[in-house]
Peer 1: 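My questions all concern the structure below.
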Amino acid sequence: MKATRRAFLRLGIAATASAALRPARALAQGAPRVVVVGGGFAGATCARALRQAAPRVAVTLVEASPTFTACPLSNAVIGGLRELPAQQFTYDRVAADGVTVARALATGVDARARSVTLADGPRLPYDRLVLAPGIDIRWGALPGYDEAAAAQVPHAWRAGEQTLLLRRQLESMDDGGLVVISAPPNPFRCPPGPYERASLIAHFLKTRKPRSKLIILDAKDTFSKQRLFQAAWAELYPGLLEWVPLSKGGNVTSVDAATLELVTDFGRHKAAVANVIPPQKAGRIAEVAGVADRSGWCPIDPVTFESKLQAGIHVIGDAAIAGAMPKSAFAANSQAKVCAAAVATLLAGSTPPSPKLINTCYSLVAPDYGISVAGVYQPTGGQLADVPGSGGVSPSDAPRETRKAEAILAEAWFHTITAEAFG
Ligand SMILES: Cc1cc2nc3c(=O)[nH]c(=O)nc-3n(C[C@H](O)[C@H](O)[C@H](O)COP(=O)(O)OP(=O)(O)OC[C@H]3O[C@@H](n4cnc5c(N)ncnc54)[C@H](O)[C@@H]3O)c2cc1C
């Protein structure tokens, strides 16, 4: 037991001393061990829900960063409406719930031996593993856009320094400058995210640099909540914001970070500030564990979220191929709770029931103008599919009072979802 404890302390485990000791004691009694990799909306929620559902299970959450920086509402930080600390959370409450929090990068998974290797050496044995690593950028998939280019042309698709870089570039841009956003093909994290970002940057330009313009170059012809966004743009940002779809030459084929030029089949767009939202894939550990397929994402069983490629490993959140469910924080939360219940049931030797999952997503078009989409999903034919007749978007003819109310609800939504993961 002493050796186990020393190993955990070496990892810099962010837990109380008693919580750090708990797994060793549980192991000695033969309690099942679950390791969760990735402490974002999916992983942190799953670890806590599992402790609640099955207090006998020893749960270890492996997370590389001491604080989590949330992406939802980070577009408001870019638009100068919110500060980054409002997006940041620690793992203190997760640890207080009896989850052992290991602050380390998981670098390897041995699916046969059932163990996870951490960057500085130790191995964590597991009975079941949950991978929730979020996304990685496909560096180089868009010619000219690599890690070095992101220092000039931020993606800001993982919140933190990149979010602040884009905000600073907008603040120092001359009035009259052109902002260009490149939106990726499906699938990608947060389908309405690029359009919310364009809206809040347009709001910043309208109020602070009114001679400026914004263009969205899109690799798609349709996008999430499209009619609602376009109606709001026509009302709030006429002549300021232009959307160029795939069929009108929107697909960006290369990026020149030195000159801030985005190249399409139809020409070059020279920006004063450029924001490239690049193609993405599941976080690297998914590939290392052998749970990602050739698409870069992870096929899962829709009842248990167990990988279709590796037994005993579950994948939740953005990394998973979740059928009709979008890659959103709310979807990650919903999947985390279903997966936690399924893992507890499987460890008890029973069969998990077929679940129903929910997604709700708010987007801000202006500080006092919100729109939303909701969906309900269930396993159908081996995938997660829409429950017929459920879900929908905000009404297109709603009065401004309703849009104002939805903007307030967006903030309430954020508090609820972050409280379930970290609060
Ligand atoms: C601009 C923007 C706006 C958004 N707005 C919304 C919104 O309004 N509503 C909404 O529902 N969603 C929104 N999203 C989407 C949402 O942020 C993601 O869907 C959500 O974060 C996915 O959760 P996750 O747990 O899968 O991944 P993440 O939240 O990214 O968490 C993954 C965690 O895993 C850790 N990790 C990864 N690999 C390892 C490893 N090998 N070892 C240890 N730790 C590891 C990372 O450090 C990270 O903390 C937005 C996204 C963006 C970019």
Side-chain angles (χ1 to χ4, degrees), residues 11 35-47 60-79 87-89 91 101-109 116-119 124 130-137 155-160 162-163 166 181 184 187-198 200 224-225 275 277 280 282-289 297-298 315-320 322 325-336 358-364 370-375 410-411 413-414 416-418 421-422:
L11 297 172
V35 174
V36 180
V37 174
F41 285 102
T45 307
C46 183
T60 301
L61 176 66
V62 180
E63 167 55 49
S65 173
T67 48
F68 179 74
T69 306
C71 286
L73 295 186
S74 66
N75 287 327
V77 177
I78 292 167
Q87 302 292 112
Q88 293 178 318
F89 302 87
Y91 292 95
V101 182
R103 206 175 78 218
L105 182 74
T107 52
V109 173
V116 175
T117 308
L118 305 185
L124 299 179
V130 179
L131 293 182
I135 57 152
D136 263 0
I137 307 290
H155 54 78
W157 219 240
R158 280 194 300 231
Q162 281 273 308
T163 313
L166 182 53
I181 297 178
F188 65 100
R189 157 175 284 184
C190 194
Y195 314 97
E196 179 189 65
R197 175 169 295 173
L200 294 183
S224 174
K225 297 183 247 186
N275 168 217
I277 303 168
Q280 299 147 36
R284 172 148 173 73
I285 193 70
E287 197 181 322
V288 170
W297 305 102
C298 307
V315 186
I316 54 174
D318 284 357
M325 287 193 94
K327 297 187 186 302
S328 77
F330 201 102
N333 168 289
S334 198
Q335 293 166 11
I358 304 174
N359 177 58
T360 312
C361 183
Y362 291 90
S363 300
L364 293 176
I371 54 177
S372 65
V373 59
E411 182 76 38
W413 172 98
F414 183 77
T416 306
I417 198 119
T418 51
F422 312 104

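Worth saying up front: this structure is predicted, and the values here are computed from it rather than measured. Counting convention: from 1, in listed order, for ligands and their atoms alike.
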Peer 1: Counting C-beta onward and ignoring hydrogens, is there a side-chain heavy-atom pair between Leu364 and Leu73 closer than 4.5 Å?
Peer 2: yes

Peer 1: How does Arg189 reach ligand 1, by side chain, by backbone, by both or by neither, if only non-hydrogen atoms under 4.0 Å count?
Peer 2: side chain

Peer 1: Give the residue and atom name of whichever protein heavy atom lies nearest to atom 9 (N) of ligand 1, and the separation in Å to one decimal.
Peer 2: Trp413 CH2, 3.2 Å

Peer 1: Does ligand 1 have a heavy atom under 4.0 Å from the side chain of Ser74, from its backbone, from both, or from neither?
Peer 2: side chain

Peer 1: Return the closest protein heavy atom for atom 42 (N) of ligand 1 as residue, atom name and distance.
Peer 2: Ala106 N, 2.9 Å

Peer 1: What part of Asn359, side chain from CB on, backbone N/CA/C/O, both or neither, has a heavy atom under 4.0 Å from ligand 1?
Peer 2: neither

Peer 1: Could you list which atoms of ligand 1 come closer than 4.0 Å to a heavy atom of Gly317?
Peer 2: 26 (O)

Peer 1: Would you mind running through ligand 1 and noting each atom that sits below 4.0 Å from a heavy atom of Leu105?
Peer 2: 40 (C), 41 (N), 42 (N)

Peer 1: At a non-hydrogen distance cut-off of under 4.0 Å, which region of Tyr362 contacts ligand 1 (side chain, backbone, both, or neither)?
Peer 2: backbone

Peer 1: Is Glu63 touching ligand 1 with its side chain, its backbone, both, or neither, if touching means heavy atoms under 4.0 Å apart?
Peer 2: both

Peer 1: Taking only residues two or more places apart in sequence, or in another chain, which ones meet Gln88 in a side chain to side chain donor-acceptor pair (under 3.5 Å)?
Peer 2: Thr69

Peer 1: Could you list the residues that satisfy ring pair (Phe, Tyr, Trp, His ring centres under 6.0 Å) with Phe89, not counting sequence neighbours?
Peer 2: Phe422

Peer 1: Write out the residue and atom name of the closest protein heavy atom to atom 18 (C) of ligand 1, then the distance separating them to 0.1 Å.
Peer 2: Asp318 OD2, 3.3 Å

Peer 1: Within a distance under 4.0 Å of any heavy atom of Val62, pick out the atoms of ligand 1 and give their elements.
Peer 2: 43 (C), 44 (N)

Peer 1: Please confirm whether Cys361 approaches ligand 1 to less than 4.0 Å, judged on its heavy atoms.
Peer 2: yes

Peer 1: So which heavy atom in the protein is nearest atom 52 (C) of ligand 1, and how far is it from that ligand atom?
Peer 2: Cys71 CB, 3.4 Å

Peer 1: Please state which part of Ala319 comes within less than 4.0 Å of ligand 1, counting heavy atoms only: side chain, backbone, both or neither.
Peer 2: neither

Peer 1: How far apart are the C-alpha atoms of Glu196 and Lys225, what are their side-chain angles, what is the distance that settles it, and do they pass the side-chain contact (heavy atoms from CB on, under 4.5 Å) test?
Peer 2: CA-CA 10 Å; Glu196 179 189 65; Lys225 297 183 247 186; over 6 Å; no

Peer 1: Record the part of Val37 in heavy-atom contact with ligand 1 below 4.0 Å; permitted values are side chain, backbone, both and neither.
Peer 2: side chain

Peer 1: Go through ligand 1 atom by atom and flag the ones less than 4.0 Å from a non-hydrogen atom of Ala132.
Peer 2: 32 (C), 33 (C), 34 (O)

Peer 1: Just to be sure I read this right, does ligand 1 sit under 4.0 Å from the backbone of Ala332, its side chain, both, or neither, counting only heavy atoms?
Peer 2: side chain

Peer 1: Taking distance alone, with N or O pairs closer than 3.5 Å, would you say Ala64 contacts ligand 1?
Peer 2: yes

Peer 1: One residue to check: Arg158. Relative to ligand 1, which of side chain, backbone, both or neither has a non-hydrogen atom less than 4.0 Å away?
Peer 2: neither

Peer 1: Should you measure from each heavy atom of Phe68, which atoms of ligand 1 turn up under 4.0 Å away?
Peer 2: 29 (O), 31 (O), 49 (O)

